[in-house]
Amino acid sequence: VTVLRINRLTLQGFGPFAETQSIDFPSERGVVVVYGENMRGKTSLLNAIRFAFFGVVLARGSRRRRLHTVSNRDLAAQGIHGFKVSLEFTHDSTAYELVREAVPLVTEPHTDEDYKLDLLVRQGGTVLGPYERDRILSVAFPRDISRFFLFDGELLQEYEELLLVDSDAGRSISESIERILGVPVLKRGRSHLTLLSERTDKEAAREARRHQETQALGLALQEAIELRDNHKNEIVRLRTQLEHLTQSKSEIEERLNGSRRYASMIADLDGAKERQAVVQRDLQARRLDLQRGMSGVWRQILSSQAISARASMHGQIEAELAALKLKLRDRAIETSHCEVCERDLTDMEIGRLQPSIGYTGTDDVASSIAKLSALSRFQDREEIDQIKSAWLAIQAYEIENVSLQDRINDLTNEISESDADSLRLAQLSYSNVIEKLTVTRSAIDDEQAKLRQIEENVRRLRTKLDAAAPTDVGQSRRRAQLLKASAEVFSAAVESYKNDLKRRVESTATDYFLRMTTEKNDYSGLSINDSYGLSIMHKDGCVEDARSAGAEHVVALSLMGALQGNAPLRGPIVMDSPFGRLDENHTDNVIECLPVMAEQVILLVYEAEVGRSRMRSLLSSHLLREYELVKESSRRTRVCEVGRGGASEA
Amino acid sequence: MKKSEIEMLSSRVLEEADRLHPEVNKDFLLAVIEAEENNPQDERKAISVIEDALGNAMNRGDGATNQ
């Protein structure tokens, strides 16, 4: 039985969804797929569900997005701010409608304070009062376990933290896991029984002081209890301080991540500027090449005429050379002297030379050859190739130059928004916080050691008082004994329930892992640690240390499925682009596994991850409905239901 | 939380009671689970319900224990 099911999501002015858009989710068990390219609004849909339940919208790195950045930008440009999300859901067979709206309080909102958040929950047409409304929401979908229902690839990566000892993020996830698995009921029971037991101790001590025979014991017990309370209060104070310090540490780490990003942006900017200088120098050089090449390019226009002129000139030169030959022979006969050999001729040699019809051509063979050479330049292939090469290079350099300039502008803007001084300050204060954390943890350990001693003293005094107490004191003591024994029972139950849960989670996660991994012949399953971190076990019994990004992803998804399978609270899984790190075979295995992991799965994917026909073939009858996020403009998206024949308005 | 889950928690608590403190009244332990389950966001109310259950257990003839 699914405890929580989303039936319909309606958005207005939220992200790229300017006009009112709705998505209906069928009530059968199975998968609804929403296809959308990048920037079409898949993450906005995930965030819309998050906003409806918790009033927050998250950006990368789980950072909260400011509300004014969530409003549709087209509408905002027209002066229309604010947005509304309506979510119809069923919890334990009761239908509810949840409406949350960000209403601007000023004309041009710039901060979260410029909005008020209206929240309304209807049950069967009746608007619930604030107490009942908050109670229903906290029971139906507690925020601290939402990470197991609404997630993306980035959030899946965090589960690696569970394998690290002393990781703050890991501790936080472990607590959330215990929350979804129902451990807090037992933990709260233990805590409240202990509290009542201590109150009863005080009453018993006060009563004992009223009787002469137990007065001294009562006083000693009262003092011991007061001392115990003081130490407990001190531990509470130190733990609060620890929480604040841990929070500060996370915030500083975020700033330092920003600092690392800042340094990386500076390096990127320097690199881009350096490259741009090289590109601009080469561009200039190639422009000069082109200019030089282009000075003679007019010749190319006359190339066909030049070809025929060259042919004609060749003929003319051949004729002129033949005529020159005849002219030289005639002159040799006439003067008995050869001008080529520079010697006089004998009669016999003159007799061998036959008379010719005479020379009629011009004498300017050299001039004709010069003209031919000039005409040859009209057909200089090398020159034309050089011009083409320079032209192509200039085009490539110009594109790169523009792209580099864009990058430089973007980086310059981003860097100007970063506060370099505060980042440096963050670096300085980080070590200070770490030191304080160490001191505080040590102080808590000291206080706990003292507390254990005092509790032992309280226990001894109680035993003495029980032996010496009159009837009415005995009554208080019996109450205290019952409460203390009950607290011990709950404490033991917490531990055994947790151990049992771990075994169940490990077993279910192993089932999912073996379904999804492509290394079924090598791996025997998963092994769980105290923090619910899962290690991959090889069939040879060793832990697989070298886990790829894809393997981490599959392990995290196995944990998700196992928590769904073992948690008292079950709900829809909404996954945003979850296959980025998976190869095709793993993706197929994961998709086939989805209908088993939860009653309701909402998958937000881009088609490059998984194509429609592949999705339909893998999910078969488990694919309940398909939607497509269709681009109307860069700031507007329309939701369309996809029929097997194509998309239609949702 | 589903009924089967509450039953699972309850049976775990009763098992531990049998092992550690068989004298403790079982109805009282179940009442504690019910108080916590029904009032996850209201600590004061949960404590008040437990105190009532404790009073009932103490007022019964067998006191707070099964003995």
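Note on naming: letters A, B, ... go to the chains in the order of the sequence lines (proteins, then strands), and numbering restarts at 1 for each one.
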Closest-packed option against chain B by number of heavy-atom pairs under 4.5 Å, given A:Ser486, A:Ala493, A:Ser138, A:Pro184
A:Ala493
Between B:Ile33 and chain A, with a heavy-atom cut-off of 4.5 Å, which part of the residue counts as in contact: side chain, backbone, both or neither?
both
A:Arg199 portion near chain B, given a 4.5 angstrom heavy-atom threshold:
side chain
Decide yes or no for A:Gln123 and A:Val121: does some side-chain heavy atom of the first lie under 4.5 Å from some side-chain heavy atom of the second?
no
Near A:Asp134 CG, under 6.0 Å, is it more than 12 heavy atoms from other residues, nucleotides or ligands?
yes
Heavy-atom distances under 4.5 Å only: say whether B:Glu15 touches chain A with side chain, backbone, both or neither.
neither
Does the side chain of B:Phe28 come within less than 4.5 Å of B:Ile50's, by heavy atoms?
yes
CD of B:Glu34: more than 12 outside heavy atoms within 6.0 angstrom?
no
